[in-house]
Amino acid sequence: MNIPKSSYPRIVIIGGGFGGISLVKKLARKEVQVVLLDKHNYHTFQPLLYQVSTGGLEPDSIAYPIRKVLKDYENFYFRLAEVKGIRPEQKQVETNIGPLAYDYLVVATGSETNFFGNDEIAKNGMSMKSIPESLNLRSLILENFEQALLTDDLHERDALMNFVIVGGGPTGVELAGALAEIKKGILPKDYPDLDTRRAQINLVQSGNRILNAMSEQASKKAEDFLEDLGVQVWKDTRITSYDGKVAETLTELTFRTATLVWAAGVKGALLHGLDGEALLAGGRIRVNEFNQVEQWPNIFAIGDVACAVSDSFPRGYPMMAQPAIQQGKNLGENLVRLLEGKAMKPFVYWDKGSMATVGRNKAVVDLPKFRFQGVFAWFVWMFVHLFFLIGFRNRMVVFINWVYNYVRFDREARLIIRPFNRDYKAFKD
C-alpha cells in the first residue's frame with residue numbers, strides 16, 4: 001500500500017463512519033501513524049439518506065471527502081480499499097489492494113441491512129444503507145410513476161403507486177412521511193394526467209407500536225402525524241415474503257406493490273477473522289468497557305459493529321451515531337494512554353436523547369429530561385442534524401435546500417440520474 005515505515009506505532013482504522021472519523025480527529029497531532037481504510041472515499045451522513053431517496057437532497061450534500069478530513073494531520077494516510085479479513089495472529093489486515101500490518105487495529109465498519117435470513121426479500125426488496133442504494137430507490141420511485149402512465153390496467157397502476165415500508169423505526173417513519181408529502185404536494189403537479197390520489201404509503205411494523213425505542217408519547221404522536229399525512233400504519237404485522245409483486249404477511253393481508261423498502265433491522269458489518277467467542281447475536285463484536293476485543297488486546301471495535309454488554313445495556317449500546325462518536329473520542333484518549341503506559345478509562349455512554357421527523361413541521365424529540373413534539377421539535381431536529389454534518393459547505397447547501405423546499409413545497413432533486421432498470425415486463429406478467 002506504500003505506507004512509509006515509521007518509528008511511531010501504526011493504528012489501522014477500518015471504516016470512515018461516525019466512529020472512525022471521531023477517532024481520527026482525536027488522534028490528530030499525536031505520536032502515532034494512522035491508516036484509515038474504507039471502500040468509499042467519502043463519509044456518509046446516514047441519518048439524511050432518506051432525503052436523497054425522496055429527492056429532497058443531492059447525495060453530495062450528505063457526503064464529505066475522507067481525504068479532506070485528514071489533510072491537515074501529519075502521519076495520517078487513507079487508502080481506498082475493501083477489507084477482506086483480519087489475521088489477528090499475524091497482526092495483519094487483508095484487503096483487495098494487498099495486506100497491511102498493524103500495531104493496533106480498530107474495527108469501525110458500522111452496520112448493514114439485516115434481512116433475517118429471508119433471501120427472497122433481500123433479492124426483491126430495496127434497502128437504504130448507503131448513497132448508491134438511496135439513488136437506486138430514488139430512481140425506482142420515479143420510474144414507477146413513469147411506468148404507471150403507460151398502463152391502462154388499473155390494478156397494475158395501483159401496484160406501481162403502492163409503497164410498502166417495512167420497519168417502524170426512525171428510518172421507516174421518516175421515509176413514510178417524506179413519501180406522503182411527495183404524494184400531497186409534488187405528484188399532482190408532476191403527473192397531472194395520473195390519478196395520484198390512488199398512491200398509497202404503507203408502514204408495516206411487526207411490534208405493537210412504531211418508534212419503540214422512544215417514549216410511548218413520541219410513538220403515539222408520530223403515528224398521529226403519519227395518519228394525518230395519509231400513511232396507513234399496520235402494527236402487529238409481519239412481512240414473510242416478497243416476490244417483487246406481492247408482499248405476504250402472517251395473516252391474510254397482502255400488498256400488491258412494485259416497491260418494498262426494508263427498514264426492519266440492521267446487523268454489524270463483520271469481517272472474516274473475528275469469530276467464535278468474539279461474536280454475539282446480531283452480528284456484533286463483543287468488547288469490554290474499553291472497546292477492546294478481549295481475545296486480542298491490540299484489537300478494538302467501536303460503533304454499530306461493537307457490543308459492550310452491561311446491566312444498563314444488556315443488548316449493547318444503541319446502533320446510532322451518538323454511541324459511535326462518543327466511543328471514537330474515548331478510544332482516541334485510551335490509545336494515547338495505552339502508549340504512555342497509563343491505565344485506560346472505561347467508556348461511559350451519555351444518552352443525549354433521540355428524535356425523528358415525520359414531515360413538514362412535524363417531529364418528535366425525547367431528551368433525558370424533556371419530551372416535546374410538533375413545530376419546535378422539528379426545528380430542534382433540523383438544528384441537530386445541521387450541527388453534526390461535516391463541512392461548512394454541506395451545512396449551507398442542506399440548509400438552503402430545506403428553506404427552499406419549505407417555502408416552495410418542492411423537491412428539486414427528483415432526478416433519474418442512474419436508472420434502476422427494473423424489468424417491468426416481468427412485473428406486468
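Hydrogens, waters and symmetry mates are skipped; everything else that's a heavy atom, side chains included, is used. Treat the numbers as computed from the prediction; the structure is a model and nothing was measured. All residue numbers refer to positions in the sequence shown, counting from 1.
- No donor-acceptor contact under 3.5 angstrom links the side chains of Tyr77 and Asn2, judged on distance only.
- Geometrically, Arg360 engages Tyr406 in a cation-pi contact, judged by NZ or CZ lying under 6.0 Å from the ring centre and within 45° of the ring axis.
- For residues 14-27, the pairs satisfying salt bridge (charged side-chain N to carboxylate O under 4.0 Å, His left out) are Lys26-Glu333, with sequence neighbours left out.
- Checked by atom type and distance alone, the side chain of Gln326 pairs as donor or acceptor with a backbone atom of Trp350 at under 3.5 Å.
- Checked by atom type and distance alone, the side chain of Ser139 pairs as donor or acceptor with a backbone atom of Leu135 at under 3.5 Å.
- Checking Tyr191 against Glu146 by side-chain atom types alone, a donor-acceptor pair falls below 3.5 Å.
- Aromatic pair Phe145/Phe163: centroids less than 6.0 angstrom apart.
- For His272, the ring pair (Phe, Tyr, Trp, His ring centres under 6.0 Å) criterion is met by no residue, not counting sequence neighbours.
- Judged by distance alone, the side chains of Thr254 and Glu248 never bring a donor and an acceptor atom under 3.5 Å apart.
- The distance between the ring centers of Phe225 and Trp378 does not fall below 6.0 angstrom.
- Taken from CG in Asn41 to NZ in Lys68, the straight-line distance is 13.0 Å, to the nearest 0.5 Å.
- In this structure, CG on Asn136 lies 10.5 Å from CZ on Arg138, to the nearest 0.5 angstrom.
- Note that CG of Leu211 and OG of Ser219 are 6.0 Å apart. Values are rounded to the nearest 0.5 Å.
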